[in-house]
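Scroll down for the structure; my scribbles are underneath it.
Below, each value reflects all heavy atoms present in this structure, side chains not excepted, and no hydrogens, waters or symmetry copies. Fair warning: this is a prediction, and the values are worked out from it, not measured in the lab.
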Amino acid sequence: RQLLSYRRDYLEANQYGSSPHWAQIDGLGLHYWLTGDTLSRYAIQRLVPVFTYFRTTVGLGLKDFGDIDNRIRARVMMASLWAWRTSEQPAQYTADMDRMLTTVLGAQEADGSYRFTFICNASLNYMDGMLNEALIQYHTHYNADARILPSVQKNVAWMWGQWNATGAGFQYTPNMCGTIGGTEVVPELNNLIVNGYAWVYAQTGDVSYRTKADAIFAGGVRHSFLYGSKQFTQQYSVGYRYFAYRIAR
């Protein structure tokens, strides 16, 4: 019911003119697979050209443009991935998907971080988690590109420097950044980040990543507050995958 309301009352009512922030791609894809409702598949395919502005007009590799951050990168990549996964002609998406992957991986800094000038030369940690999620889904369902594991591994190692064990969460940003946010600990965002650690454990067998993932997930469960749909979604939208990655070995 939630998915149909979103698709009919938002996407269809607005001729699919969604921003990446409001593009609930996983829900549409899973709804199509579970029900066979081809209008959900159609909605995904309509979103891909809507995001041409981000993919090609300005480019996902930019670091100094306010319309591009890791959340945008993740949602745009996921739209193309789900279009490829559900299309009867998937080959039409592959060249663009390959190009996006190379562009995004090329934007990562040598220390594993991502930096945007409008976020005080940093990134928001939950957005890094969202991008890692998109990269993991690319690796799982599209192409196990050898560059993805080291990219995610470097990023989660860098983010761990902002983990606060007492507060059982990550800092919102690496440093204070005006009206964007500060170094406050926000465990309600943990489960947008946890899969990067659990997946690296599943890929490498290094138990230190499993230990970190367990702490992140537990912090989200014990210290989160679910008073709003936003907070509920932050914890439950992708956090369930943690369990599968955790028992992969």
Side-chain angles (χ1 to χ4, degrees), residues 63 69-74 77 104-117 119-140 145-177 180-225 231 234-249:
K63 306 177 184 182
D69 56 40
N70 277 348
R71 169 181 50 188
I72 303 301
R73 290 171 174 168
M77 291 177 71
V104 169
L105 292 176
Q108 188 176 30
E109 306 294 334
D111 63 0
S113 67
Y114 294 90
R115 303 188 184 279
F116 300 92
T117 55
I119 311 179
C120 303
N121 202 35
S123 178
L124 304 185
N125 288 319
Y126 81 89
M127 293 186 184
D128 286 11
M130 292 176 68
L131 180 58
N132 287 336
E133 183 72 27
L135 292 172
I136 291 167
Q137 296 308 306
Y138 255 57
H139 188 281
T140 302
D145 191 295
R147 298 171 294 174
I148 293 176
L149 175 58
S151 172
V152 174
Q153 196 167 7
K154 285 194 301 182
N155 181 251
V156 298
W158 181 81
M159 275 198 292
W160 193 249
Q162 299 160 70
W163 170 256
N164 183 298
T166 302
F170 290 89
Q171 297 173 190
Y172 189 67
T173 59
N175 304 293
M176 294 297 298
C177 189
I180 290 178
T183 57
E184 63 273 15
V185 180
V186 281
E188 65 267 24
L189 295 171
N190 280 14
N191 283 345
L192 291 177
I193 300 173
V194 65
N195 287 342
Y197 294 86
W199 182 76
V200 171
Y201 162 69
Q203 295 296 308
T204 66
D206 185 336
V207 295
S208 68
Y209 290 98
R210 185 183 66 190
T211 300
K212 292 180 175 72
D214 289 349
I216 295 165
F217 185 81
V221 171
R222 294 171 182 165
H223 298 282
S224 187
F225 48 94
Q231 288 73 25
Q234 287 165 346
Q235 291 290 46
Y236 286 97
S237 59
V238 296
Y240 66 92
R241 293 180 176 133
Y242 148 81
F243 296 100
Y245 299 141
R246 194 194 184 284
I247 63 172
R249 288 177 176 265

>> side chain to side chain donor-acceptor pair (under 3.5 Å) for Q162 and N125? Distances and angles first, verdict last.
In response: CA-CA 9 Å; Q162 299 160 70; N125 288 319; 2.8 Å; yes
> With a distance cut-off below 6.0 Å to the six-membered ring centre and an angular limit of 45° from the axis, does K212 pair with W160 as a cation-pi contact?
Replying inline: yes
> Closest approach of V238 and N195, non-hydrogen atoms and distance?
Replying inline: O-ND2, 2.9 Å
> What's the shortest heavy-atom distance between M77 and L131, and which atoms?
Replying inline: SD-CD1, 4.0 Å
> To the nearest 0.5 Å, what is the distance between CG (D69) and CD1 (I119)?
Replying inline: 5.5 Å
> Under the side-chain contact (heavy atoms from CB on, under 4.5 Å) criterion, do W199 and T204 qualify, and how do the steps go?
Replying inline: CA-CA 9 Å; W199 182 76; T204 66; over 6 Å; no
> Any idea which heavy atoms bring T183 and P174 closest together, and the distance?
Replying inline: CG2-O, 3.6 Å
> Who passes side chain to side chain contact (heavy atoms under 4.5 Å, CB included) against E109, sequence neighbours left out?
Replying inline: K63, D111, S113, R115
> How close do A168 and P187 get, heavy atom to heavy atom, and via which atoms?
Replying inline: O-CB, 3.5 Å
>> So, using salt bridge (Lys or Arg N to Asp or Glu O under 4.0 Å) as the criterion, who are the partners of R147 when residues are at least two apart?
In response: D145
>> Can you confirm whether the side chains of Q108 and N155 place a donor and an acceptor under 3.5 Å from each other?
In response: no
> Ring centroid separation for F170 and Y126, is it under 6.0 angstrom?
Replying inline: no
> Sequence neighbours excluded, which residues qualify as side chain to side chain contact (heavy atoms under 4.5 Å, CB included) partners of E184?
Replying inline: Y172, V186
>> The criterion is side chain to side chain contact (heavy atoms under 4.5 Å, CB included); which residues satisfy it with A213, sequence neighbours excluded?
In response: V194, Y197, A198, Y242
>> Among residues at least two apart in sequence or on other chains, which ones pass side chain to side chain contact (heavy atoms under 4.5 Å, CB included) with Y236?
In response: L226, F232
>> Once rounded to the nearest 0.5 Å, what's the spacing between atom CG of L189 and atom OG of S224?
In response: 8.5 Å
> In chain order, what residues pass the salt bridge (Lys or Arg N to Asp or Glu O under 4.0 Å) check against R241, with sequence neighbours excluded?
Replying inline: D26, E133
> Where is the tightest heavy-atom contact between W158 and G112, given as atom of each residue plus distance?
Replying inline: CB-C, 4.3 Å
> Rounded to the nearest 0.5 Å, how far apart are CG of D206 and OG1 of T211?
Replying inline: 8.5 Å
> CD1 of I216 to CG of L192: how many Å apart, nearest 0.5 Å?
Replying inline: 11.5 Å
>> Pairing donors with acceptors under 3.5 angstrom, does anything connect the side chains of Y209 and Q203?
In response: no
>> If I take atom CG from residue N121 and atom CG from residue N175, how far apart are they, to the nearest 0.5 angstrom?
In response: 9.5 Å
>> Testing the basics here: between N70 and R73, what is the closest heavy-atom pair and its distance to 0.1 Å?
In response: OD1-NH1, 2.9 Å
> Hey, what do you get for CH2 (W163) to CG (N190), rounding to the nearest 0.5 Å?
Replying inline: 5.0 Å
